Amino acid sequence: MRLFTSAALGVSLLALASASATAATPPISLSIDAGKPGATIDRHIFGQFAEHLGHGVYGGVWVGKDSSIPNTRGIRNDVVAALKAIKVPDVRWPGGCYADSYHWRDGVGPDRKTRVNTAWGNVVDPNTFGTDEYMDFINQIGSEAYVSLNIGSGTVGEAQDWMEYMTADQPTTLQQERAKNGHPAPYNVPFMGIGNESWDCGGLMTPDEYTAELRRYARFVGSYNPKEPTMKIAVGPGTDDTTWTDAVMKTWKERRGWSFDFQGLSLHSYTVYDGWPPHMPSTDFDKTAYAHVLKETLKMGPLIDKQSAVMDKYDPDKKVALVVDEWGAWLAPTPGSNPAFLMQQNTQRDAVLAALNLNIFARHADRVRMANIAQMVNVLQAMILTDGPKMVLTPTYHVFKMYVPFQDATIIPVTYDAGTYTQGDTTLPRLDAIAAKGKDGKIWLSLTNLDPDQPLEVDAAALGFKASAATGQTLTAPKVDSLNDFDHPDTVTPKPISGKLKNGAIVLTLPPASVTVVSLEP
Ligand code: AHR
C-alpha cells in the first residue's frame, strides 16, 4: 500500500471500470485527499542537461550561423521550438565530466580556441558554442542558466572571472568585455554547480579534499549582481554510500558568518541494469528486459530516502535542496555509433521510466527541489534526436510535455494499493500515481500502468471535489520497445483519454505500459 498524506482537500473521486474495459485484472482504488496540501513540486525537477558530449550540443543544438539547417544565430530552430513547448526550467551546462576541463575564455569573443575534448572521445571542440551562445540558447527556449564550475583543472580566480563576466551589473573590465561581445546587460545565473562528480572524473578527490575546495569556491565564487543571487550546489553522492553526503553536510553545518554557504547538494543516479558498463540494448528488447530496467529505476526512491536521512541529521529544516542533476536510463550505445558519444534510442520503456522518476521526485518535493535528466539532445535518455536536418521527439519528450501542469503544482496525497505484476523473476507494482493541484487551480493526476500485458481499470475516490469528468492524454505504444525514428516519428505520441462520471464515480482505463495525465473537471 502506498500512502501519501499531505493534504486534506476534501475531494472524493471514484473511478470505476468502464463498461468497455476488458481487463482481466482487478480494478485499483485510489483515494485522493486534497485537504492537506503538501510541498510544491518545484518546476526545476523538470530541468535538462546539455554537455559538450557527442552531438549533445554540436549538431543537436548548435549548427552555426552559416548552416543550411534553419537556425537563429546558429541555434537550430526546430530544437528550440520543441524545447519551448516543454517549458524547460533550466539547462545544466557545459558538463558533466567535460566541465572540469572547460576553460570559459576559450569560448568567448571573436577568437575561439579549438581544444581536444578529453572527457568524451578526444574529438575537437571548436568552442563556437560558448557562454554567450549558451545564454542566447536558454533565452530562446525561455529557460534559466545552471553552470558547472571547473574545479578539477581550473582555479577559484578563473571561476570568479567567469561569474563576473556573466553577472556583473557594474562597469568592470569583465562587464565591458561582455558588452564588447554584444551583451551589455548582465546575465542571470540562478544556479551554479561547484564541480562535478569530484569523487570520480572531477578529480578523484576524497571527501576531505573536496570539502576543502568547496569551502573556497563557495566563499569566493557567486553572482556579482546582488539583485540576482546564485544558488550554489555542492557535489553530492553517486551511490547509496553516505560517507560523502555526511562530509559535505557536516561542512555545511560548520559554516559561520560570511565564511561560505551553499544551498544545494547534488545526487547522480543512472538506471544501469546488471552492472557497468551499461549493456542493455535500447531497442529490440523483450518484456523481461523492460521489467529488469524498471525494477532498477525504482531504486531511486530508497536512494533519495537514504541520502535525505543524512541531510536531515544536519539540516532538519531542509534548507539544502537535494538536486538530482543527472538521472535517466544509461543503456548500450547505438550499434555503429562512437561509444564515447553515448547515443542510445528511446522507447516506451523510457517513457514509463521517466514518469516513475518524476513521480519519485514529486513525492520527495520537500527535499528534492531540482533535477536534470541526462541528457537533453542526442545523448543518453534524450528528449530529442537529430541527424543533420532531421529531428524526432522521443517518448521521454512526450512525458515531459504531459507533465507541464505539474510544474510548481502542490502535491496532494493519494492512497492506493498498487498491486503487483510478475514477469519471470521480477515483480513490479501495477500502478504508480501522483496527484497535485496545479497553478491553474485544477486537480491533476498522473497514472502509470507498468503492466505491459493488461489494461488497468482505475477505481478511485476523492472526497469533497465535484468531478464530472477527467480529460487528458495517454502515452501508449504497440510494444514496450516501440520508438520514434526519423521515418516513423509518430509511433509513440500521446492520445486523448477521458473518464466519465458514472454513478458518482469517474471511470478511467489505462492501456498497458502507459503514462496517463488527466485533469479532473468539476
Ligand atoms: O552524462 C554523462 C556523464 O555521466 C557525465 O558527464 C558525468 O557527470 C556522469 O558520469
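Just follow the structure's listing: the first ligand is 1, and inside any ligand the first atom is 1. All of these numbers come straight from a predicted model, not from anything done at the bench.
Of the residues listed (N139, D132, N225), the one engaging Y187 in a side-chain hydrogen bond (donor to acceptor under 3.5 Å, both in side chains) is D132, and it is the only one. A ring-ring contact (aromatic ring centres under 6.0 Å, His included) with W93 is found for exactly one of F191, Y102, Y98, namely Y102.
Where the criterion is an N or O separation shorter than 3.5 Å, residue side chain and backbone included, L380 fails it with respect to ligand 1.
For ligand 1 and Q375, the ligand atoms under 4.0 Å from any heavy atom of the residue are 1 (O), 2 (C). The F49 neighbourhood of ligand 1 comprises atoms 1 (O), with distances under 4.0 Å to a heavy atom of that residue. For ligand 1 and E326, the ligand atoms under 4.0 Å from any heavy atom of the residue are 1 (O), 3 (C), 4 (O), 5 (C), 7 (C), 8 (O), 9 (C).
In this structure a side-chain-to-backbone donor-acceptor pair under 3.5 Å is present from Y58 to F129. Remark: the backbone N or O of D125 is not paired with any side-chain donor or acceptor of N117 at under 3.5 angstrom.
Scanning the protein heavy atoms around atom 10 (O) of ligand 1, the nearest turns out to be E197 OE1, 2.8 Å. Considering only non-hydrogen protein atoms, atom 1 (O) of ligand 1 sits nearest to Y270 OH, 2.7 Å. Closest to atom 3 (C) of ligand 1, if we only count protein heavy atoms, is W120 CZ2, 3.6 Å.
Contacts between N196 and ligand 1, counted as non-hydrogen atom pairs separated by less than 4.0 Å, involve the side chain only.
In summary, the aromatic rings of Y146 and H44 are positioned with their centroids too far apart to meet the 6.0 Å limit.
In this structure, a donor-acceptor pair under 3.5 Å is present between the side chains of N357 and T297.
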